[in-house]
Structure formats: C-alpha cells, structure tokens
There are 2 protein chains.
Amino acid sequence: MTIEAAKQKSTTTHAVDSIRSLIFSGELAAGTDHLESELAERLGISRTPVREATLMLAQQGLLEVRPRKGVRICALSVKDMEEVYAVLTELESLAAEDAARMGYSTRELASLKSAIDSMDRAIAEQNLEDWATADDQFHHELVRLGGNSRVQAIVTMMSDQVRRARSITLHIRPLPVKSNEDHRELYEAIKRGDPLAAREIHRRHRSQARELLVGILHRHRLSFL
Amino acid sequence: MTIEAAKQKSTTTHAVDSIRSLIFSGELAAGTDHLESELAERLGISRTPVREATLMLAQQGLLEVRPRKGVRICALSVKDMEEVYAVLTELESLAAEDAARMGYSTRELASLKSAIDSMDRAIAEQNLEDWATADDQFHHELVRLGGNSRVQAIVTMMSDQVRRARSITLHIRPLPVKSNEDHRELYEAIKRGDPLAAREIHRRHRSQARELLVGILHRHRLSFL
DNA sequence: GCATCATTTTGCGTATACATTAATTTATCC
DNA sequence: GGATAAATTAATGTATACGCAAAATGATGC
C-alpha cells in the first residue's frame, strides 16, 4: 500500500462521496426519501454542503431533488437499465474503435490485460465480487484508452447505475465465462489495430450482457431496485 | 401563443439560466475567470445560488470551478469539438435506429418533418440563424423520438457545446444544403421503419458535419473559442 | 361525522456571517 | 538588490439565521 498524504477533502466533496456510498451500499435504498436536514445530521455537517452534494448527485442521475419531500434515491426500472446499457454499448464500442486506432504498445495495454487476467482468476476462484471489480476496471481502462474524455465521463456515470443493479443481480446469474472470451478477443483486436473489429466485438459483447441482465430482471420480477 | 402562468423560478434556477445565457452570448467569454461574488453582484443575488448554479454548470461541462481563481468558462478546443461530435454521432445514430423501430405514425413524426421544412425555408432565404434554430429542433426531436431519456439528456448537454462553437462558425461556412437532403432521407427511413438504414444515414450525416466543422476550425486557425 | 377554514409546523431557499486558507504584499535580512 | 518570511488581503467553504410557502394539524360549522 502506498503512503499518501491524507488528502483533505472539502466537506462538500465528502458529502458527495458519503451519500454516494450510502446509495451504493443500499443504506439509502432506492425509492426512499430523505430530508436535507436528516442527511446533514447523519453526516455531521450543515445543510449547505449537503445541498450542494445532492444537486450534483441529482445531475448525475443518482437521486432526484423534490422540494419539501426530500431527495428521492432513484429507483432503477428495467427500462432504466435498458437505457443505460444502450448508452454504454454505443460509447464503449466507440472507445474500443478509437483505442484500436491509437496504435498502443503492449506496454500501454498492460492495465487492460491485467484487468482481463484478474477476471480470469476471479472466475477460476468463483469469486464474483473480485470479478465485478475487475470487470469495472476493464471497462474503465477501455474508455480511458479510447481517449475521449467526454465518453469517459458519461461511461463512468452510467457504470454507477450498472453497479447498483449488479449488486442485486450478481449472485443470481451464471458465471460470466463467455464474457471473458469476448474481452480477450477485444484486447487482441485493439493490439493489432483493427478498429472495426474492436468496435463490433465490443458491441456484440455489450448486447449480450444487456440481454442477459434484462432477462434476469424480468425472470426474477425485479422490475425495480 | 398560449397563456401561461408566469412560473416563478427559484433564484438558483434563475442563476443557472442567466449564467448559461451569459456564456452563450459570449458576455462571459470562453477562457475567462469570474469570481462568485462578481457573478452574484452582476445578477443581484447572493453567493449561495450562484455557487449552486456554478456547481451544476460545472457538471454540465460549461465551466470549471477553480478554487480561489473563480470559475473559468470552458474554452472549446478542436479536440473538444471532435469529442463532442463523436458522442453525438454515436448517440444520435442510436436514437435514429430506435426511432425507426418504434413504428411512429406520420402524425407522430410531424414535428420532425416540420423542423426539416423550417430548415428548407431558412436555406431558401439564406437565413442562417433560422437554419441553426431549426437544426437544433430537428436533432432535439430526433432524440426525443428515440425514446431514451439518458440519450436525450446527454445529447442536450453536447448540443450546448456545439451551439457555442456554431455561433462562431455559422457565418464562415457554406450553406448547409447537403445537410438537409440527409435529414429528409433519415425522415423517410424512420417513417418506413428501417432501423439500420436510419442508423447509417445519420451516422454518415454526423461524420460529414464533424469533418466540415473540424476542417473549418483548422483552416481558420480557430483552435480555441 | 364530515368538510372547510384557521393555525401551526416543517422544510426549503436564500442571505449573511464566519472561519480557513491561498495569494499578495510588504518588510527585513543578507 | 534579491530572496525569504511575516503580515495582510481576498476568496472560498461552511455554518447559521431567517422568511416564506406548503403540508399537516386542529377547530369550527353544518
């Protein structure tokens, strides 16, 4: 572990991080309402940074500000997940295409490779949490390599929503073995500089992931989470 | 014109709108810095709603909050415009595809058609401002018909950036005649329910628009605006 | 007993006050 | 004269105070 100066965050930043965590951990459950004053007290800070934090999180689609009713944590319907997956499919495919066009060296692709290896290991050990973490890392690396900062920002936002849904669905879906074959194939396409192949491989990958997830949600009657 | 109750906006909302306008009109020029207190005084309000507004606008990519230096209005480099166009190309093409899949009636496509007609008229009259307005309307309608609310939100954000660049480039570029042929062709594809054609037509359209704009920016040495 | 109106409470939006820290200026030392 | 350090200023981040409007509660009339 690296030694880092304890970077002092502003209270507003702390509020953003804390509220995000509370949402992801489910302590602020989807669909529930929470007053500014309640959140402020919970975090031991005043309403001002809480307000600023909620405004930002609202822009990010994690909650809704409803005057006098408190902020409502966004519930994710199946339609929401379909929307999110559609956006991710498009933008990550673009990133894959762009990444393949960049002519990255093996060294520059090391972190992508490393993410894939981590996923392999996690699957071998049947450790779903590790797999999910590595999967996040893979997708994050992919868009980083794509080099479009706006795509990165959007994908990060959308990935947040996927992560929320996945915390529910992770344990009721099959081991994502095929998923990893796709990732390797994509890695190869990027390494050999084949933009169109990279694009199509990832597009297919995301489509299948989308259908898998939507299928699960429907079968388990998880229309909202 | 419909009679509407003058909806009373909150001061924060007013601040967001005002600062946006000031940015679009160029009164807050790209690359310039502005203190919270300066903006507050300018708008005749306190710092609180200004802060909230700037935080939101920062999330939307229109400005950057730089502690102790004031907020900096984002300058758009050629790379920025390329990024924006890349995102728009992907997401609008998706919207076109989805719209074609919806099986909309002629009546439901009326506003799209109307936008195209407005563009035709504007071109005939060589009225570039009207053309730009109609073009915005067209793209807005297109993503609305696509039915993905996240795509709509993202495209709206990106369109803001295009609009800023366009206010500079509008008068130094050729009359967008070809552009309108594309729009008609897309309209037809959506009407007859041909998703793949709709997707490809719009993709091509956006690619060309992107190359046109980037070419202009380069030729005129407009690396930043 | 129910509806309507008055009253009270609550939560939010905004302003303001205050503390903190970065930037700037000034003074001092070599 | 230049550099360094102290002092001052300035801008932000945060807390608090306040007024208003919506919701909730209670009272009154029928």
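Model, not experiment: these values are computed from the prediction.
What separates NE2 of B:His34 from C1' of D:dT12 is a distance of 17 Å, to the nearest Å. Rounded to whole angstrom, the span from the NZ atom of B:Lys69 across to the P atom of C:dT21 amounts to 18 Å. In this structure, CD of B:Glu36 is placed 9 Å from C1' of D:dG13, rounded to the nearest angstrom. At whole-Å resolution of the value, CZ in A:Arg66 and C1' in D:dA21 are 17 Å apart. Taking atom CG of B:Leu35 as the reference point, atom C1' of D:dT9 lies 13 Å away to the nearest angstrom. For the pair B:Glu64 CD and D:dT12 C1', the interatomic distance rounds to 17 Å; values are reported in whole Å. A straight line from CD of A:Glu41 to P of D:dT16 spans 13 Å, rounded to a whole angstrom. Whole-Å rounding puts the A:Glu52 CD to C:dT14 C1' distance at 13 Å.
Applying the 4.0 Å criterion to OP1 and OP2 of D:dT12, one finds that A:Ser10 has every side-chain N and O outside that range. For C:dT14, the OP1/OP2 oxygens have no side-chain nitrogen or oxygen of B:Thr48 closer than 4.0 Å. Close to D:dT16, at under 4.0 Å from its OP1 or OP2, lies no side-chain N or O of A:Arg47. Residue B:Arg51 places none of its side-chain N or O atoms closer than 4.0 Å to OP1 or OP2 of D:dT12.
If you find the closest nucleotide of DNA chain D to A:Pro49 and to B:Gly70, the one lying nearer the 5' end belongs to B:Gly70.
Nearest to the side chain of B:Thr11, among C:dT14, C:dT20, D:dA23, sits C:dT14. Listed nucleotides C:dA22, C:dC12, C:dT14 differ in distance to B:Arg68; the shortest reach to its side chain belongs to C:dA22. Closest to the side chain of A:Ser46, from the set D:dT16, C:dT14, D:dT12, is D:dT16.
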Take B:Glu36 and B:Thr54 through the side-chain hydrogen bond (donor to acceptor under 3.5 Å, both in side chains) test and state the conclusion after the steps.
-> CA-CA 9 Å; B:Glu36 286 179 4; B:Thr54 53; 5.0 Å; no

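Closest approach of B:Ala100 and B:Ala198 over heavy atoms only: CB-CB, 3.9 Å.
Open room surrounds CD on A:Glu41; 12 or fewer heavy atoms of other groups in view lie less than 6.0 Å from it.
With hydrogens and angles disregarded, no donor-acceptor distance shorter than 3.5 Å links the side chain of A:Asp98 to the backbone of A:Ala95.
The pair B:Asp160-B:Arg164 does not count as a salt bridge, with every side-chain nitrogen at least 4.0 angstrom from each carboxylate oxygen.
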